[in-house]
2 protein chains.
Amino acid sequence: MKGKPDYNIPEPTLRRLPRYYNYLKALLNRGREVVSCTHIGKDLELDPPQIRKDLAYTGIRGLPKVGYQVEELIKSIEDFFGWNNIDEAFLVGVGNMGRALIDYKGFSRYGFKIIAAFDNDSEVIGKTFNGIEVLALNKLTSLCKRMNVHIGVIATPDHAAQEVADMMIAGGIIGIWNFAPAEIRTPEGVIVQNENLAAGLSVLCKKLQMLKQSGKIRQEVIE
Amino acid sequence: MKGKPDYNIPEPTLRRLPRYYNYLKALLNRGREVVSCTHIGKDLELDPPQIRKDLAYTGIRGLPKVGYQVEELIKSIEDFFGWNNIDEAFLVGVGNMGRALIDYKGFSRYGFKIIAAFDNDSEVIGKTFNGIEVLALNKLTSLCKRMNVHIGVIATPDHAAQEVADMMIAGGIIGIWNFAPAEIRTPEGVIVQNENLAAGLSVLCKKLQMLKQSGKIRQEVIE
DNA sequence: TAGAAATCGAGAAAAATTTATCGATAAAAA
DNA sequence: TTTTTATCGATAAATTTTTCTCGATTTCTA
């Protein structure tokens with residue numbers, strides 16, 4: 001039904017890998033040199049065979065009885081995702097979410113850099129946040145073309161999302177990271193990653209609700 | 001699978017339901033009264049049987065040849081998640097992400113409300129954002145107990161996450177929505193929902209990378 | 001150096017999730 | 001009224017993802 005290109009790497013794996021990465025970085029900071037799947041599994045509450053399989057996708061090989069070299073493993077994940085070649089992106093919508101994304105220093109670690117922001121509110125146009133200038137929205141399409149940017153971040157209210165997406169696509173953007181709670185329609189060949197905070201929140205609240213209904217609630221609060 | 005609530009709801013379903021909800025709200029705004037899975041499927045690029053199955057978890061029943069009443073469906077999802085009884089939450093970490101969450105008006109729709117924020121930076125303690133006061137971090141545990149709050153949001157840097165989680169748990173919190181890129185250890189009976197922005201970003205970048213490698217890149221940019 | 005222990009890699013088995021099928025039913029058309 | 005069509009609900013099939021199993025390999029210990 002969905003005309004998606006066939007990626008043979010499971011998406012759950014793709015989502016777990018950055019988690020291993022963060023964890024491994026922390027391990028390295030603490031001076032650890034080797035680590036086994038058994039060990040990772042204990043800390044991350046995942047099954048060792050699954051971790052082994054996930055890591056294998058990046059092409060790493062471990063040593064029986066020992067595990068993996070932490071540093072090598074980190075590099076393997078970085079190479080797998082191509083985090084060494086920085087992807088430049090444009091962000092549209094300098095509200096709170098937009099600013100949080102602009103200000104977040106951590107994305108450079110993932111080979112991702114927001115190089116300009118756009119808005120149509122004259123209050124913010126011309127201002128600079130975290131070294132990133134806010135430009136007028138009507139320049140978006142032409143600048144995408146001129147600067148050959150092909151990733152766009154949408155952090156606008158939902159009603160503006162489709163229009164912004166259209167402008168991005170007209171400018172040649174092929175990957176959209178969408179934070180607006182709206183569905184956006186795109187032509188074949190454009191990849192949309194929806195980041196829906198409500199999804200995670202709903203999962204949490206539903207699980208709590210079920211926990212409460214089951215009566216297995218934690219009561220041993222230290223008074 | 002009729003009537004009785006099912007405690008084995010697939011997590012993918014739980015994550016899709018809020019998406020249907022947003023979509024249905026938009027439909028209702030445009031004046032639509034009934035909708036079929038076929039129709040939803042076209043707009044959301046999902047298979048109708050899957051949508052039908054997802055919606056069935058909320059207990060709704062459709063009519064052959066017609067579909068579902070939009071308004072009824074919206075209500076069914078709301079009831080399913082319990083979005084009518086507001087869950088109150090404390091947030092810790094009033095950096096950019098924390099402020100984005102505080103400022104985001106949309107959570108009330110999901111029965112979720114941040115009622116106070118905490119930080120240990122004297123620069124922000126005492127300030128108010130979007131009507132929410134920032135309190136000193138050392139009051140967190142006692143206030144959790146006193147106000148009987150049981151959901152906590154962590155929006156601190158990674159190195160503070162575990163400590164904050166421990167304070168929350170000591171105060172009786174049983175659900176943690178974690179935005180810090182760190183693993184937190186919790187006792188049995190505490191639910192942690194990790195919101196890892198890097199995961200979504202990585203999926204997007206990897207898919208783009210694979211798209212580029214496959215040579216199937218979109219070139220028809222309107223010049 | 002021999003034997004034990006830990007862990008890997010590969011592939012099989014199991015579980016979860018998605019997709020397809022089909023009879024039933026309601027509305028619309030003939 | 002009868003036939004046709006769209007859609008539902010339930011269930012079966014297929015696919016994907018996770019978990020298990022087991023032989024092989026490396027290190028540690030005696």
Which pairs of donor and acceptor atoms, one on a side chain in residues 152-159 of chain A, lie under 3.5 Å apart (sequence neighbours left out)?
none

To the nearest angstrom, the CG-P distance between B/L14 and C/dA16 comes to 15 Å
note: B/R15, atom CZ; C/dA16, atom C1'; distance rounded to Å ~ 16 Å
Salt-bridge criterion met for B/E11 and A/K207 (N-O under 4.0 Å): yes
Applying side-chain hydrogen bond (donor to acceptor under 3.5 Å, both in side chains) to A/D103 and not counting sequence neighbours gives B/N96
Applying side-chain hydrogen bond (donor to acceptor under 3.5 Å, both in side chains) to A/D43 and not counting sequence neighbours gives A/Y23, B/R185
*Keeping the roles fixed (side chain from B/K206, backbone from A/F80), state whether a donor-acceptor pair exists under 3.5 Å.*
yes
Contact string for nucleotides 22-30 of chain C, one letter per nucleotide 5' to 3', B = base within protein heavy-atom range under 4.0 Å, S = sugar-phosphate only, - = neither, reads ---BBS---
Here the residues of residues 192-205 of chain A within 4.0 Å heavy-atom distance, strictly under, of DNA chain C are none
So, with a heavy-atom separation below 4.0 Å from DNA chain C, the residues of residues 68-79 of chain A are A/Y68
Sorted by chain and residue number, the side-chain hydrogen bond (donor to acceptor under 3.5 Å, both in side chains) partners of B/N178 (sequence neighbours excluded) come out as B/N194
Sorted by chain and number, sequence neighbours left out, side-chain hydrogen bond (donor to acceptor under 3.5 Å, both in side chains) with A/S76 holds for A/T58
Atom CG of A/L55 and atom P of C/dG9 are separated, to the nearest Å, by 9 Å
For the residue pair A/Q162 and A/D166, confirm or rule out a side-chain donor-acceptor distance under 3.5 Å. yes
Exercise. What class does the angle between the rings of B/F107 and B/Y104 fall in, given that below 30° is parallel, 30 to 60° is tilted and above 60° is perpendicular?
Worked result: perpendicular
Checklist line | Side-chain donor/acceptor of B/D54 to backbone N/O of B/T13, under 3.5 Å | finding: no
Taken to the nearest whole Å, NZ/B/K42 to P/D/dA6 is 10 Å
Review point. Is a side-chain donor or acceptor of B/W83 paired with a backbone partner of B/Y110 at a separation under 3.5 angstrom?
Key: yes
Sorted by chain and number, sequence neighbours left out, ring pair (Phe, Tyr, Trp, His ring centres under 6.0 Å) with A/Y68 holds for none
A/L46 atom CG is separated from D/dC20 atom C1', nearest whole Å, by 16 Å
Quick note, side-chain hydrogen bond (donor to acceptor under 3.5 Å, both in side chains) partners involving residues 28-39 of chain A, not counting sequence neighbours, are none
Can you give me the N/O atom pairs linking the protein to nucleotides 12-18 of chain D at distances under 3.5 Å, or say none if there are none?
| from | atom 1 | to | atom 2 | distance (Å) |
| --- | --- | --- | --- | --- |
| D/dA12 | N6 | B/K53 | NZ | 3.4 |
| D/dT18 | OP1 | A/R16 | NH1 | 2.7 |
| D/dT18 | OP2 | A/R16 | NH2 | 2.8 |
| D/dT18 | O5' | A/Q50 | NE2 | 3.1 |

A/N196 versus B/R15, side-chain donor and acceptor atoms under 3.5 Å:
no
Are there more than 12 heavy atoms of other residues, nucleotides or ligands under 6.0 Å from atom NZ of B/K25?
-> yes
Checklist entry - Got a salt bridge between B/E183 and A/R19, using NZ or NE/NH1/NH2 to carboxylate O under 4.0 Å? => result yes
What residues 22-38 of chain B contributes to the DNA chain D interface at heavy-atom separation below 4.0 Å is B/S36, B/C37, B/T38
When rounded to whole Å, the CD1 to C1' distance for the pair A/I40 and C/dA6 reads 15 Å
